[in-house]
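Here's the structure, in structure tokens; my notes come after.
In this text the structure is predicted, and so the values were computed from the model without any measurement.
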Amino acid sequence: MRLHRNLVFAVIDSLRDIFNEDVYADKAVEQALKRDKRWGARDRKFVAETIYDIVRWKRLYAEIANVKAPYSRPDLWRLFAVWCVLKGIQLPDWNQIEPTPSRRIKGKFDELLKIRKFRESIPDWIDEVGVQELGEEVWTKEIAALNKQAEVILRTNTLNTTKERLQKMLATEGIETEFIKGYDDALKLVERANVFKTEAFKKGFFEVQDASSQLVAAYLDVEPGMKVVDTCAGAGGKTLHIASLLKNKGQIIAMDIYESKLKKLKVRARRNGVHNIDTRVIDSTKVIKKLQGKADRVLIDAPCSGLGVIRRNPDSKWKLEPEFLDRIKETQQEVLQQYSKMVKPGGKMVYATCSVLPSENQQQVEFFLASDAGKDFSFVKDEKVLSHKSGYDGFYMALLERK
């Protein structure tokens with residue numbers, strides 16, 4: 001592979017923004033890809049994948065390169081040089097690249113592979129929490145799975161088409177997909193591609209949504225005509241899935257504390273041909289009080305550490321802090337206590353997170369059921385989705401029923 005200066009400079013600038021300026025990796029990649037309209041698909045792929053790769057393995061590469069944050073420009077070039085050596089890419093004779101001891105890099109790499117926190121490139125504290133909560137054996141397998149690049153999974157919008165028709169339509173646009181056993185509406189891309197440019201996307205025939213995430217709406221056990229509240233709707237991936245399961249009949253109330261996210265949901269809903277969603281910004285407790293005891297189904301897709309989805313957000317490993325984990329557990333319990341009030345007697349509620357930690361999952365549900373607010377609920381079932389077993393994101397969901 002021959003390296004092109006303008007592409008590598010885009011990578012270096014993006015790494016500086018992510019590591020030193022706290023810019024989110026997806027935003028940095030988005031910006032980088034706008035730098036030059038002449039770049040073809042292969043150039044764009046190189047830029048995006050190299051950025052994500054170095055972000056994912058930052059701790060390992062930094063240890064090999066012997067550099068520490070905040071990274072100077074020469075430090076970032078050293079990280080890039082380590083990436084090249086380990087990928088077997090010949091280093092160009094540029095003045096930014098210092099003489100690089102390839103043998104020493106490979107030797108150090110082999111040595112560090114024996115230590116999990118370096119091998120899996122994670123902060124000490126996350127490694128400790130993982131072992132504490134999941135045990136040595138499970139955590140070792142899980143963190144290895146969470147470091148693999150996430151595949152692109154689509155969820156068929158069954159309001160507009162079938163999985164089979166969607167597959168044929170995408171094939172005519174040069175995108176090969178395959179079915180995934182056990183996931184009713186999912187299609188997996190055989191090779192990564194920009195699906196947002198397809199006719200099928202513009203017509204609202206699918207959304208990009210990980211296979212594990214597609215299990216959540218189905219867990220709610222909805223039926224057409226029901227009143228469903230999605231309490232932490234965000235930009236609405238699961239809301240839109242609920243709409244297709246309701247066959248556009250009934251009512252969905254999509255709530256979030258961020259109005260900007262709900263605006264995105266409205267745009268997506270229009271493209272999907274969904275017209276039974278009301279959006280409400282949670283700006284006071286009144287919003288919840290108005291719906292007390294009125295919902296057939298309530299989904300609490302709770303804010304969480306996001307440890308189950310670091311395959312697609314590798315920079316979150318470096319942005320997460322132990323204090324955040326403590327704070328988010330308090331928020332999860334508050335959300336359960338408050339939002340559960342909207343479930344009507346005989347109604348059901350799903351508590352879900354994209355975390356693999358029992359302290360954010362089963363323990364939160366147990367704590368809730370033992371509380372005053374939880375005494376009206378009974379536990380129906382739960383599902384712990386671990387990445388090393390499923391091959392997809394780590395998730396948790398629990399179904400509770402109001403007596």
Side-chain angles (χ1 to χ4, degrees), residues 26 29-30 150-173 175-180 182-220 222 224 228 230-250 252-256 258 260-279 299 301 306 308-309 311-313 350 352 354 385 390-393 395 397:
D26 56 348
V29 168
E30 205 178 297
E151 291 162 307
V152 182
I153 313 288
L154 314 179
R155 178 184 57 75
T156 312
N157 177 11
T158 52
L159 293 173
N160 294 341
T161 191
T162 63
K163 187 165 64 172
E164 290 75 15
R165 287 220 311 270
L166 174 61
Q167 187 176 49
K168 281 177 189 158
M169 188 174 184
L170 288 168
T172 65
E173 300 194 54
I175 293 174
E176 293 300 314
T177 58
E178 48 193 39
F179 298 157
I180 314 174
Y183 298 86
D184 295 348
D185 306 324
L187 283 177
K188 178 164 77 174
L189 262 62
V190 174
E191 263 181 51
R192 295 182 87 79
N194 185 354
V195 291
F196 301 114
K197 284 188 170 168
T198 61
E199 233 7 74
F201 179 73
K202 289 169 191 162
K203 287 183 173 168
F205 287 0
F206 70 85
E207 288 290 331
V208 173
Q209 187 179 7
D210 186 78
S212 298
S213 176
Q214 292 187 35
L215 299 171
V216 178
Y219 218 67
L220 258 183
V222 298
V228 181
D230 185 352
T231 61
C232 310
K238 297 178 186 74
T239 318
L240 295 169
H241 192 185
I242 292 167
S244 69
L245 294 172
L246 286 174
K247 300 183 168 60
N248 246 339
K249 293 166 186 158
I252 302 171
I253 297 164
M255 301 178 163
D256 204 272
Y258 299 110
S260 58
K261 288 185 177 179
L262 294 174
K263 280 181 178 164
K264 282 183 189 162
L265 166 54
K266 283 179 183 172
V267 173
R268 291 172 79 185
R270 271 199 298 277
R271 192 185 61 249
N272 276 258
V274 171
H275 44 70
N276 62 339
I277 296 175
D278 290 332
T279 58
L299 171 60
D301 183 17
V309 292
R311 298 179 324 140
R312 60 193 69 255
N313 303 316
V350 164
C354 53
V385 184
S390 70
Y392 304 108
D393 287 346
F395 253 83
M397 55 210 92

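Atoms CD and CG, on Gln209 and Leu215 in that order, are 9.5 Å from each other to the nearest 0.5 Å. Once rounded to the nearest 0.5 Å, the distance linking OH of Tyr219 with CG of Leu299 reads 13.0 Å. From Arg165, atom CZ reaches atom CG of Leu170 across 12.5 Å, with rounding to the nearest 0.5 Å. Distance CZ/Phe201 to CG/Leu154: 10.0 Å, rounded to 0.5 Å. One distance of note links CG of Asn272 with CG of Leu240; it measures 4.5 Å at 0.5 Å rounding. Separation of atoms CG (Leu166) and OG1 (Thr161) is listed at 6.0 Å; rounding is to 0.5 Å.
The minimum heavy-atom distance between Ala150 and Arg312, with the atom names listed, is CB-NH2, 3.6 Å. Nearest heavy-atom pair across Val274 and Asn248 is CA-OD1, 3.6 Å. Closest of all the heavy-atom pairs between Ala254 and Thr239 is CB-CG2, 3.9 Å. The two residues Thr158 and Ser244 make their nearest non-hydrogen contact at OG1-CB, 3.6 Å. Shown here for Ala233 and Leu262, the closest heavy-atom pair between the two residues is CB-CD2, 4.3 Å. Heavy atoms only, all atoms of each residue included: Ser212 and Phe395 are closest at CB-CD1, 3.6 Å.
Inter-residue side-chain proximity for Asp278 and Ile252 is flagged as unmet; no heavy-atom pair is nearer than 4.5 Å. Side-chain contact between Lys238 and Ser213: present, with at least one pair of heavy atoms (C-beta onward) separated by less than 4.5 Å. Taking the side chain as every heavy atom from C-beta outward, Ile153 and Tyr183 never approach each other to under 4.5 Å. Residues Val216 and Asp301 have side chains not in contact (no heavy-atom distance under 4.5 Å, counting atoms from C-beta outward). Residues Phe206 and Thr198 are in side-chain contact: their nearest non-hydrogen atoms beyond the backbone lie under 4.5 Å apart.
Inspection of the Gln214 and Asp185 side chains reveals no N or O donor paired with an N or O acceptor under 3.5 Å.
Taking 4.0 Å as the cut-off between side-chain N and carboxylate O, Arg311 and Asp393 count as a salt-bridged pair. The existence of a salt bridge linking Arg155 and Glu207 is excluded, since no basic side-chain nitrogen approaches an acidic carboxylate oxygen closer than 4.0 Å.
Atom NZ of Lys202 is surrounded by more than 12 heavy atoms from other residues, nucleotides or ligands within 6.0 Å. Counting non-hydrogen atoms of other residues, nucleotides and ligands closer than 6.0 Å to CD of Glu191 gives a total of 12 or fewer.
Checking side-chain atoms of Asn157 against main-chain N and O of Gly204 turns up a donor-acceptor pair under 3.5 Å.
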Discussion item. Could you walk me through whether Asp210 and Val309 satisfy the side chain to side chain contact (heavy atoms under 4.5 Å, CB included) test, starting with their C-alpha distance in whole Å, then the side-chain angles of each, then the deciding distance to 0.1 Å, before giving a yes or no?
Written reply: CA-CA 9 Å; Asp210 186 78; Val309 292; over 6 Å; no
Discussion item. What verdict does the side chain to side chain contact (heavy atoms under 4.5 Å, CB included) test give for Ile253 and Met255, after you've listed the backbone C-alpha separation in whole Å, the side-chain angles of each residue and the deciding distance to 0.1 Å?
Written reply: CA-CA 6 Å; Ile253 297 164; Met255 301 178 163; 4.1 Å; yes
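Cation-pi check for Lys163 over Phe179 is met; the charged atom lies under 6.0 angstrom from the ring centroid and within 45 degrees of its normal.
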